[in-house]
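The structure appears below as structure tokens.
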Amino acid sequence: IDDGGKKGRVLECLHFYNPVNVTLTSSLGRGADGGVLDGSGAAWWGVPFVGYLIHVEDRPRLLHVTNGTQILLENWLLLDPPYWATMFDNVTGLEVRYCGIQARRTSNEGHGLTDLSAFNTDGFDVSGRDVWIHDCNVWNQDDCIAVKACSDCDPDDPLAPSENMLFERINASGMGLTIGSIGNYSTVRNITFRDSVLYKTYKGIYMKFRHSNRTSISDIVYENVLMVEPEQWPIWIGPAQQADTRNPCHANPCSICWPSLPGAVCEGQTNSTYLNITLRNVTIERPAEGAGVIMANANSPMEGVVFDSVRVDPCDSSKTDPTLNETFPLLPLRVRRDSYIERSQLLAFAAILLLGTALLKKIVSCALHPRWRTRRTAKVASVVAAVSAVGIPLAARAVHLSLRMSRPDGYFVCEGVKAGVATGRTWPVPSCFEDHTGPGLNGPVCGMLGLKPAAGAWLTSAVLIFFAALVVFVSWHVERHDPMDRYFVALPQMQGEDDENPKNACSAHSLVD
């Protein structure tokens with residue numbers, strides 16, 4: 001409770017203010033063999049997706065350092081953070097080495113919905129200058145690295161920008177190697193990520209603005225980065241795709257429901273500038289959703305964006321791909337028992353069993369009753385046709401969109417780029433870039449039924465629309481021209497029952513309703 005009697009935020013697990021020349025270390029070893037700071041995150045994450053509605057972001061960080069100078073963090077495992085694992089805010093001279101961060105709810109090698117329900121479990125979040133984070137492993141459900149702007153700095157202060165940071169040999173899986181989200185009156189510049197492996201990550205290279213004014217991200221380099229089977233967008237340079245409210249589809253400024261849900265909003269930000277962004281020797285193997293998204297506002301276009309040998313390999317698996325254990329030697333990887341998941345799974349199974357039993361009983365009793373075989377069957381067909389007429393086109397749109405998102409020979413969106421250039425062995429070349437790669441650098445294309453994904457999407461949509469039209473036509477024909485009386489022998493009425501007021505609970509009328 002704060003001084004005004006209102007509910008305040010929870011306190012951080014560890015919070016250091018203005019430390020100078022401080023080393024946080026463990027003599028036990030590195031990563032999983034070193035010191036452990038255990039956040040017991042499951043108690044805060046709660047039942048998947050329900051827990052977030054209760055706590056939202058009022059959860060403690062494991063380690064928070066404010067205005068620190070010459071800080072060394074080494075040989076630690078930060079396990080199951082309730083919220084961000086770390087926040088180094090406005091620090092100068094930070095080094096982090098041989099540390100691991102793990103926030104997992106299941107043992108899946110990936111990020112399913114259950115795992116992703118551990119919202120906001122950022123890895124290393126940092127603002128300030130002269131930062132070196134190296135030889136670390138992160139497996140979480142949000143930004144693995146997040147370069148942020150100073151939260152309490154005067155924008156006119158020459159020390160306000162976050163700058164001069166090097167992140168190398170960071171093996172990670174989550175929302176990727178991230179800059180942002182960056183908001184009002186903030187500057188981030190001279191940041192390098194290199195020599196890193198992203199294993200079955202959700203996003204990969206991720207730069208993002210939120211609603212902002214007078215904001216810039218400049219002089220950024222990603223080089224020698226390998227992504228193995230990224231599950232969503234391998235490359236995202238644009239607005240922040242986030243909600244930060246109880247409404248999961250709220251656009252702040254880009255909805256996480258975009259582009260899957262019709263009406264979801266995502267657009268580039270004005271007064272926010274990307275300048276001198278270089279991706280070099282980036283390899284993306286077997287992405288689930290294509291190459292990615294590059295999006296800026298036409299009034300604040302990206303400038304000086306270079307893709308040098310940024311390659312997508314959608315088909316072949318490399319014999320040199322690292323394994324899970326090879327990629328994350330500093331993490332325990334094993335997952336502790338999560339009672340909240342077990343309870344939610346038990347409740348879901350019980351609900352499905354009860355509903356399924358009731359539905360099966362209804363279907364069997366109706367199928368055996370003679371009144372089911374009446375002309376009302378045509379009306380049931382009409383209802384089915386009406387539902388199909390709406391549902392099948394929506395399904396067709398979803399299939400087409402899914403295939404378009406997963407096409408390996410292009411970026412889902414490429415807009416708002418001024419003088420973007422693709423060089424070296426880059427493939428595919430973003431549509432809004434100049435192609436300086438030279439001839440003969442086509443990449444493999446994997447699509448359904450031997451077709452390119454775009455052709456497969458159109459074919460699938462055409463088949464679904466054809467069947468929808470067929471269902472509508474057959475239903476209309478049966479209803480209007482063939483009342484079906486001649487197909488059935490008249491059956492005697494059951495005792496105590498008439499046509500207009502059947503006493504049996506199962507009737508064609510009840511089914512239509």
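Below, all heavy atoms of this structure are taken into account, side chains as well, without hydrogens, waters or symmetry copies. Index from 1, following the sequence. The model shown is predicted, which means the values in this text are computed figures rather than measured ones.
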Evaluate side-chain contact (heavy atoms from CB on, under 4.5 Å) for Leu14 paired with Leu37, printing each intermediate quantity in order. CA-CA 10 Å; Leu14 294 173; Leu37 186 56; 4.0 Å; yes
Before you tell me yes or no, could you show the steps for Asn276 and Ser218 under side-chain hydrogen bond (donor to acceptor under 3.5 Å, both in side chains), namely the whole-Å CA-CA distance, both residues' side-chain angles and the distance that decides it to 0.1 Å? CA-CA 6 Å; Asn276 299 334; Ser218 61; over 6 Å; no
What verdict does the side-chain contact (heavy atoms from CB on, under 4.5 Å) test give for Asn90 and Arg129, after you've listed the backbone C-alpha separation in whole Å, the side-chain angles of each residue and the deciding distance to 0.1 Å? CA-CA 8 Å; Asn90 195 31; Arg129 60 212 56 83; 3.3 Å; yes
Take Arg286 and Val228 through the test side-chain contact (heavy atoms from CB on, under 4.5 Å) and record every step on the way to the result. CA-CA 7 Å; Arg286 304 178 300 283; Val228 180; 3.7 Å; yes
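Each of Trp44, Tyr52, Tyr83 was evaluated against Phe119; a single residue qualifies, Tyr52, per the ring pair (Phe, Tyr, Trp, His ring centres under 6.0 Å) test. When each of Asp435, Thr437, Val312 is checked for a side-chain contact (heavy atoms from CB on, under 4.5 Å) with Thr426, only Thr437 meets the rule. Put simply, the residue from Asn224, Asn171, Ile170, Val225 that forms a side-chain contact (heavy atoms from CB on, under 4.5 Å) with Val197 is Asn171. For the side chain to side chain donor-acceptor pair (under 3.5 Å) with Lys203, the lone residue among Glu231, Glu289, Gln241, His111 that qualifies is Gln241.
Annotation: the span from Ser26 atom OG to Trp76 atom CH2 amounts to 5.5 Å, rounded to 0.5 Å. Taking CG from Leu28 and CG from Leu77, the interatomic distance works out to 11.5 Å, rounded to the nearest 0.5 Å. To the nearest 0.5 Å, atom OG of residue Ser431 and atom CD1 of residue Ile294 are 8.0 Å apart. One distance of note links CG of Asn108 with OG1 of Thr114; it measures 8.0 Å at 0.5 Å rounding. Separating the CD atom in Glu57 from the CG atom in Asn120 is a distance of 4.0 Å, to the nearest 0.5 Å. Rounding to the nearest 0.5 Å places OG of Ser216 at 8.0 Å from CG of Leu275.
Residues Asp58 and Arg9 have side chains in contact (heavy-atom distance under 4.5 Å, counting atoms from C-beta outward). Counting only heavy atoms from C-beta outward, the side chains of Ile217 and Ile182 approach each other to under 4.5 Å. Using a 4.5 Å heavy-atom cutoff, the side chains of Leu261 and Cys249 are in contact. Inter-residue side-chain proximity for Val221 and Arg194 is flagged as unmet; no heavy-atom pair is nearer than 4.5 Å. Looking at heavy atoms from C-beta onward, Val65 lies out of side-chain contact with Leu73 at the 4.5 angstrom threshold. Under the 4.5 Å side-chain criterion, counting only non-hydrogen atoms from C-beta, His15 is in contact with Thr66. Taking 4.5 Å as the limit, some side-chain heavy atom of Val413 sits within range of a side-chain heavy atom of Trp258. Val126 is listed as a side-chain neighbour of Val91, based on a closest heavy-atom distance under 4.5 Å.
In this structure a side-chain-to-backbone donor-acceptor pair under 3.5 Å is missing from Tyr199 to Leu226. Not one N or O on the side chain of Tyr274 forms a donor-acceptor pair closer than 3.5 Å with the backbone of Ala296. In terms of modelled atom types and a separation under 3.5 Å, the side chain of Ser309 and the main chain of Arg425 share a donor-acceptor contact. Although no hydrogens or angles enter the test, the distance criterion places a donor-acceptor pair under 3.5 Å between the side chain of Ser300 and the main chain of Asn271. Distance alone, capped at 3.5 Å, places no donor-acceptor pair between the Asn299 side chain and the Thr270 backbone. Within the 3.5 Å criterion, the main-chain N or O of Leu177 finds a donor-acceptor partner in the side chain of Tyr222. Side-chain N or O atoms of Asn140 include one that pairs as donor or acceptor with a backbone N or O of Asp143 at under 3.5 Å. In terms of modelled atom types and a separation under 3.5 Å, the side chain of Thr86 and the main chain of Leu63 share no donor-acceptor contact. At least one donor-acceptor pair closer than 3.5 Å links the side chain of Arg104 to the backbone N or O of Leu333. A donor-acceptor contact shorter than 3.5 Å links the side chain of Arg210 to the backbone of Ser181.
The closest side-chain donor-acceptor pair between Thr121 and Gln141, if any, does not fall under 3.5 angstrom. For the 3.5 Å distance criterion, the side chains of Asp219 and Asn190 fail to qualify, holding no donor opposite an acceptor. Neither side chain, Asp130 nor Thr92, offers a donor N or O lying under 3.5 Å from an acceptor on the other.
The shortest non-hydrogen separation linking Ile235 to Ile284 is CD1-CD1, 3.9 Å. When all heavy atoms of Thr201 and Ser173 are compared, the closest pair comes out as CA-OG, 3.5 Å. Nearest heavy-atom pair across Ser127 and Met87 is OG-CE, 4.1 Å. Taking both residues in full, the closest heavy atoms of Ile256 and Pro248 are given as CG1-O, 2.9 Å, listed atom of the first, atom of the second, then distance. Listed here is the closest heavy atom pair of Trp139 and Gly110: CZ2-N, 3.6 Å. Thr273 and Pro301 make their closest contact through CG2-O, 4.4 Å (heavy atoms, listed as atom of the first residue, atom of the second, distance).
Taking a cutoff of 4.0 Å between a charged side-chain nitrogen and a carboxylate oxygen, Arg169 and Asp135 qualify as a salt bridge. Residues Asp89 and Arg61 are not paired through a salt bridge, judged by the lack of any N-O separation under 4.0 Å between the basic side chain and the carboxylate.
A cation-pi contact links Lys148 to Trp84, judged by a cut-off of 6.0 Å to the six-membered ring centre and 45° from its axis.
SG atoms of Cys266 and Cys254 are separated by less than 2.5 angstrom, consistent with a disulfide link.
Note on ring orientation: taking the six-membered ring where Trp is involved, the planes of Phe193 and Phe167 are parallel (angle under 30°, cut-offs 30° and 60°).
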